[in-house]
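The structure appears below as structure tokens.
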2 protein chains.
Amino acid sequence: MLPMRPELLKGHLDALLLAVLEPGPQHGYAVIEALRTGSDGALDLPTGTVYPALHRLERAGLIASDWHTVGGRRRRAYHLTPAGHAALGEQRAVWDQFSTAVTALLARRPWPSTA
Amino acid sequence: MLPMRPELLKGHLDALLLAVLEPGPQHGYAVIEALRTGSDGALDLPTGTVYPALHRLERAGLIASDWHTVGGRRRRAYHLTPAGHAALGEQRAVWDQFSTAVTALLARRPWPSTA
DNA sequence: CCCTATAGGTAGTATCGCAAAGTATTGCGA
DNA sequence: TCGCAATACTTTGCGATACTACCTATAGGG
């Protein structure tokens, strides 16, 4: 599996984080694992990417957090706010449109096909 | 059609430009139109995005250009180099992997589905 | 004569994912 | 018991790059 160029994520990370949190509250570390396993290993994001992104989403009011202590370890569990649910819906639509457009353009092959 | 957030393109623009140039030489302005029409209007990129990107690709040796004059207007026609063809192949693979991963993660719905 | 479309260009800004480093705790193995 | 891995969170600073805004120039239609 080729290492994915970093910049590819730009602008799509928020949608992924919201999607991971949609089924229920998760703490940061678990989010990272969910992204890795849910993408078959393709998205193995460093903590320096995910934690600041979660802070950003919280500042934006799309997620909220509560501190817990489990087995002596402090955990911060994030969950979607109503605004976050709404944003996720929009982001899915945006992704559909974007990925459809890119896929269509990349699929264009030299042979004139139907011409 | 919602205006697409700028950062979404990050890292994917090069692949799109290479794909547009694959069938044959195009000048910058035509590339912009190809992106717009080929994406059903979803990708309407400003010249300040496309021209510098083309310069970048040329510096990187993935495309090359020749100047022409057509009807009194100076045009710079770009075409893929062998390295550009190879890069396009890799970029398509990267896009497939990336879009598959993102689509899978965004498709996850709360309902347990097969559980 | 101006305005639009065509065709190209640059400078500066802002965003944001990442690398790197740090703090703590638990628990395992040597 | 000492050290190390895994768990869990945080922050600073950097680099890459798409965009805004602006500029030049020609052809052609109103």
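Naming convention: chains lettered A, B, ... in sequence-line order (proteins, then strands); numbering from 1 in each chain. None of these values were measured; they are calculated from a predicted model.
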Would you indicate which nucleotide in [options] comes nearest to any side-chain atom of [X]?
{"X": "A:P52", "options": "C:dA19, D:dT11, C:dG8", "result": "D:dT11"}
{"X": "B:T47", "options": "D:dA8, C:dG9, C:dA19", "result": "C:dG9"}
{"X": "B:R73", "options": "D:dC9, D:dC19, C:dT6", "result": "C:dT6"}
{"X": "A:P46", "options": "D:dT20, C:dC18, D:dC9", "result": "C:dC18"}

Ring geometry between [Y] and [X] (parallel below 30°, tilted from 30 to 60°, perpendicular above 60°):
{"X": "A:F98", "Y": "A:H12", "value": "tilted"}
{"X": "A:Y29", "Y": "A:H27", "value": "parallel"}
{"X": "B:Y78", "Y": "B:H55", "value": "tilted"}

Distance, rounded to the nearest Å, where [X] contributes [atom1] and [N] contributes [atom2]:
{"X": "A:Q26", "N": "D:dA8", "atom1": "CD", "atom2": "C1'", "result": "14 Å"}
{"X": "B:Y78", "N": "C:dA7", "atom1": "OH", "atom2": "P", "result": "14 Å"}
{"X": "A:L45", "N": "C:dC18", "atom1": "CG", "atom2": "C1'", "result": "10 Å"}
{"X": "A:L57", "N": "C:dG17", "atom1": "CG", "atom2": "C1'", "result": "13 Å"}
{"X": "B:Y29", "N": "D:dA25", "atom1": "OH", "atom2": "P", "result": "18 Å"}
{"X": "A:L54", "N": "C:dC18", "atom1": "CG", "atom2": "P", "result": "13 Å"}
{"X": "A:D14", "N": "C:dT15", "atom1": "CG", "atom2": "C1'", "result": "11 Å"}
{"X": "A:R59", "N": "C:dT15", "atom1": "CZ", "atom2": "C1'", "result": "12 Å"}

statement: Comparing nearest nucleotides in DNA chain C, the 5'-proximal residue of the pair A:G71, A:V50 is A:V50
N/O donor-acceptor pair, side chain B:T49 with base D:dT17, under 3.5 angstrom: no
Exercise: do A:R74 and A:T69 side chains pair donor with acceptor under 3.5 Å: no
- request: Mind checking B:G48 for me? I need base, sugar-phosphate or nothing, with any heavy atom below 4.0 Å counting as a touch.
  value: base
Just N and O in the side chain of [X]: are any of them under 4.0 Å from OP1 or OP2 of [N]?
{"X": "B:H55", "N": "C:dT10", "value": "yes"}
{"X": "B:R74", "N": "D:dT24", "value": "no"}
{"X": "B:R56", "N": "D:dA18", "value": "yes"}
{"X": "A:R75", "N": "D:dA8", "value": "yes"}
{"X": "B:Y51", "N": "C:dG9", "value": "no"}

- prompt: What distance do B:L88 atom CG and B:R92 atom CZ have between them, rounded to the nearest 0.5 Å?
  reply: 4.0 Å
